[in-house]
Student: 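Handing you a structure now.
For the single chain, residues carry numbers from 1 onward in sequence order.
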Amino acid sequence: MHEDPHKSEMGGAHLNGHGTGAARMVRQVKRADDKLVAFVEERPLVALGVALAFGYVLGRVMTRQG
């Protein structure tokens, strides 16, 4: 089967003029993901510490809310 080169990665989200915004968002998310992966690979202990601190703060906030 041949893929249509005009179809975006969003599976037809380019219809009604929404394709350029959706494609740009996909590129931005992919770029952010690549940066995050690179940061974790370069500084795994710092990334772990940040994740633990964020989880602790989130847990404290959630237990106070409910």
Student: Tell me every residue that passes side chain to side chain contact (heavy atoms under 4.5 Å, CB included) with Val29, counting only those two or more places apart in sequence or in another chain.
Tutor: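 Checked Val29 against side chain to side chain contact (heavy atoms under 4.5 Å, CB included); matches are Met25.
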Student: Mind checking what makes side chain to side chain contact (heavy atoms under 4.5 Å, CB included) contact with Glu41, not counting sequence neighbours?
Tutor: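 In terms of side chain to side chain contact (heavy atoms under 4.5 Å, CB included), with neighbours along the sequence ignored, Glu41 is linked to Val37.
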Student: List for me each residue that meets side chain to side chain contact (heavy atoms under 4.5 Å, CB included) alongside Ala47, sequence neighbours excluded, and say none if there are none.
Tutor: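 Ala47: side chain to side chain contact (heavy atoms under 4.5 Å, CB included) contacts with Phe39, Val40.
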Student: Linking Ile, Leu, Val, Met, Phe, Trp and Tyr through side-chain heavy atoms less than 4.5 Å apart, which residues share a cluster with Leu45?
Tutor: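 Besides Leu45, the hydrophobic cluster comprises nothing; the residue is isolated.
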